Amino acid sequence: MGKSIRVLLLTFLMTIMCAAVALAYNPGQRTIKLLGQTLNSDKHPVHLVVSQTIDMRDVLTADAYNNLPTAKKKRVSRTEYNENKGIAAKRATIIDGEGKVIKDTVDFCKDGYWYAIDLLKKTYDRVPELPGMSSPFAETLIGWFNVRPVGGNDAKTGYDYDKMTKGGNTLSFFYEKDTENWMGYQTAYLPFVKVEEYSNVADESYFTLPTAEYKQVADPAMRARAQSIADKKNRK
């Protein structure tokens with residue numbers, strides 16, 4: 001077989017293979033599988049860690065950015081979810097531009113109560129549990145699939161994506177090109193949320209009740225949310 005014919009056939013086969021890979025994932029297919037199976041804590045335990053970096057150089061002028069103290073130039077938010085049988089424990093950590101942890105909290109429902117624990121201040125609060133107080137990660141996003149997803153490839157990152165649009169907002173899930181390897185997600189208005197790790201091995205220690213050294217102090221944000229949920233329930 002002549003060299004030119006072999007090159008032509010090889011090119012033809014590669015084209016067919018690339019087309020087959022491109023057609024392997026319909027828009028939304030990877031994300032529906034991700035939320036409905038991989039991150040579905042009704043089926044198996046879920047461990048998920050995501051992070052988001054807000055760099056003020058991206059939103060301020062150079063002069064305004066340079067005038068900020070180092071601590072305020074950047075914020076890194078890290079959120080860890082540990083879920084089992086639909087019950088979720090969420091740990092939220094914020095690190096400032098100097099590397100100092102300025103927030104470290106855990107919240108979860110257990111034994112009929114919703115707990116919010118501040119690991120830095122050694123305080124906690126609890127209120128009677130109401131439906132919807134502690135939602136697994138997948139449940140917080142699955143509602144986006146009321147609209148039809150579109151698929152594509154992001155030229156800047158090289159990632160494939162599934163994107164849903166509601167009004168002026170969007171939610172995009174990103175994957176390593178031509179794979180189901182989930183890289184992160186992003187809304188229209190906030191920075192990229194990077195997936196650090198995920199597995200089906202949950203850390204049950206996050207459901208541990210506060211010890212005697214923790215003092216109970218009212219958490220205004222938690223109580224406001226609980227009141228809002230109760231009000232909605234009473235209006236039905």
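The chain is numbered in sequence order, starting from 1. All values derive from a computational prediction rather than experimental measurement.
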Q | Taking every non-hydrogen atom, the tightest pair across T179 and N181 | A | OG1-N, 3.0 Å
Q. Among the clusters formed by ILVMFWY side chains lying less than 4.5 Å apart, do V193 and L34 turn up in the same one?
A. yes
**Q.** Derivation of the side-chain contact (heavy atoms from CB on, under 4.5 Å) call for V50 and R78
**A.** CA-CA 6 Å; V50 298; R78 182 183 186 274; over 6 Å; no
**Q.** Side-chain touch K194/Q52, heavy atoms, less than 4.5 angstrom
**A.** no
**Q.** Any donor-acceptor N/O pair, R225 side chain to M133 backbone, under 3.5 Å
**A.** yes
Q. In terms of heavy-atom contacts, does NZ of K74 have more than 12 from other residues, nucleotides or ligands at under 6.0 Å?
A. no
Q: Examine distances only and state if a side-chain atom of D219 and a backbone atom of M222 form a donor-acceptor pair shorter than 3.5 Å.
A: yes
Q. Nearest 0.5 Å, what's the NZ-CZ distance between K163 and F173?
A. 14.0 Å
Q. Where is the tightest heavy-atom contact between F174 and D154, given as atom of each residue plus distance?
A. CE2-CB, 4.2 Å
Q: Quick one: do K43 and Q37 satisfy side-chain contact (heavy atoms from CB on, under 4.5 Å)? Show the steps, please.
A: CA-CA 7 Å; K43 294 184 175 182; Q37 298 183 30; 4.1 Å; yes
Q. Is the shortest heavy-atom distance from the side chain of Y65 to the side chain of V59 under 4.5 Å?
A. no
Q: Salt-bridge test for E180 and K33: reply yes if a basic N is under 4.0 Å from a carboxylate O, no otherwise.
A: yes
Q.
A side-chain contact here means heavy atoms from C-beta on lying under 4.5 Å apart; do Y115 and P210 qualify?
A. yes
Q. Can you list the steps and then say if K73 with D96 is a salt bridge (Lys or Arg N to Asp or Glu O under 4.0 Å)?
A. CA-CA 8 Å; K73 287 183 176 180; D96 70 14; over 6 Å; no
Q: Measure the CE-CG distance between M56 and L68 for me, rounded to the nearest 0.5 Å.
A: 6.5 Å
Q. Salt bridge or not for D160 and R30, using N-O below 4.0 Å?
A. yes
Q: Please name the pair of heavy atoms, one in T140 and one in S135, separated by the smallest distance, quoted to 0.1 Å.
A: CG2-CB, 3.9 Å
Q | Stepwise side-chain contact (heavy atoms from CB on, under 4.5 Å) check, F145 with I32 | A | CA-CA 8 Å; F145 283 84; I32 290 172; 3.6 Å; yes
Q. Are L209 and V106 in one and the same hydrophobic cluster, where Ile, Leu, Val, Met, Phe, Trp and Tyr link if side-chain heavy atoms are under 4.5 Å apart?
A. yes
Q | Co-membership, hydrophobic cluster, residues L171 and L48, 4.5 Å side-chain | A | yes
(Q) Taking R57 first and then D55, would you say they form a salt bridge - that is, a charged N and a carboxylate O separated by under 4.0 Å? (A) yes
Q | Output field: ring centroids Y175/Y25 closer than 6.0 Å | A | no
Q: Tell me, yes or no, whether the heavy-atom count around K110 atom NZ, taken from other residues, nucleotides or ligands under 6.0 Å, exceeds 12.
A: yes
Q: Output the distance between atom CD1 (I117) and atom OH (Y124), rounded to the nearest 0.5 Å.
A: 9.0 Å
Q.
Would you call the rings of Y198 and W182 parallel, tilted or perpendicular, taking 30° and 60° as the class edges?
A. perpendicular
Q. What residues form a ring pair (Phe, Tyr, Trp, His ring centres under 6.0 Å) with Y161, not counting sequence neighbours?
A. none
Q: Find out if a path of hydrophobic residues (ILVMFWY) with successive side-chain heavy-atom gaps under 4.5 Å connects V46 to V195.
A: yes
Q: Measure from the side-chain N and O atoms of H44 to the backbone N and O of K85, and report whether any donor-acceptor pair falls under 3.5 Å.
A: no
Q) Would a distance-only check, ignoring hydrogens and angles, find a side-chain to backbone donor-acceptor pair under 3.5 Å from N82 to E204? A) no
Q) Has the side chain of S134 got a donor or acceptor atom that lies under 3.5 Å from a matching backbone atom of A88? A) yes
Q) Would K90 and F108 count as a side-chain contact (heavy atoms from CB on, under 4.5 Å) if you check the C-alpha gap in whole Å, the side-chain angles of each, and the deciding distance to 0.1 Å? A) CA-CA 7 Å; K90 182 177 72 175; F108 58 88; over 6 Å; no
Q: Could you walk me through whether S228 and D231 pass the side-chain hydrogen bond (donor to acceptor under 3.5 Å, both in side chains) test, one step at a time?
A: CA-CA 5 Å; S228 176; D231 291 343; over 6 Å; no
Q: Working to the nearest 0.5 Å, report the span between CD of E80 and CD of E196.
A: 11.0 Å
Q) If you look at every heavy atom in I94 and S77, which pair is closest and at what distance? A) CG1-OG, 4.0 Å
Q.
Taking the six-membered ring of Y159 as reference, does the cationic atom of K177 (NZ for Lys, CZ for Arg) lie under 6.0 Å from its centre and within 45° of its axis?
A. no
Q. Got a second to check how far H47's NE2 is from N84's CG, nearest 0.5 Å?
A. 13.5 Å
Q) Do N169 side-chain atoms and K166 backbone N/O form a donor-acceptor pair below 3.5 Å? A) no
Q) With hydrophobic residues grouped by side-chain heavy-atom distances under 4.5 Å, do V201 and V49 end up in a single group? A) no
(Q) Under 4.0 Å between a side-chain nitrogen and a carboxylate oxygen: does that hold for R223 and D125? (A) yes
**Q.** Residues that S172 engages under side-chain hydrogen bond (donor to acceptor under 3.5 Å, both in side chains), provided they are two or more places apart
**A.** none
Q. Just by modelled atom types, is the K122 backbone N or O under 3.5 Å from a matching donor or acceptor in the D118 side chain?
A. no
Q) Can you tell me if Q227 uses its side chain to pair, donor with acceptor, with the backbone of A224 under 3.5 Å? A) no
Q: Report yes if the side chains of L119 and T105 come closer than 4.5 Å at any heavy-atom pair, otherwise no.
A: no
**Q.** By ring pair (Phe, Tyr, Trp, His ring centres under 6.0 Å) - contacts of F137 (at least two apart)
**A.** Y81, Y185
(Q) Show the nearest heavy-atom pair for residues V101 and L120, with the distance to one decimal. (A) O-CD1, 3.8 Å
Q) Given side chains that start at C-beta, do those of W114 and L130 come closer than 4.5 Å, heavy atoms only? A) no
**Q.** Validation row: Y113, V127 side chains within 4.5 angstrom (heavy atoms)
**A.** no
Q | Donor-acceptor pair, side chain of Q186 and main chain of L190, under 3.5 angstrom | A | yes
Q | Nearest-0.5 Å distance that lies between atom OG1 in T187 and atom CE in M164 | A | 11.5 Å
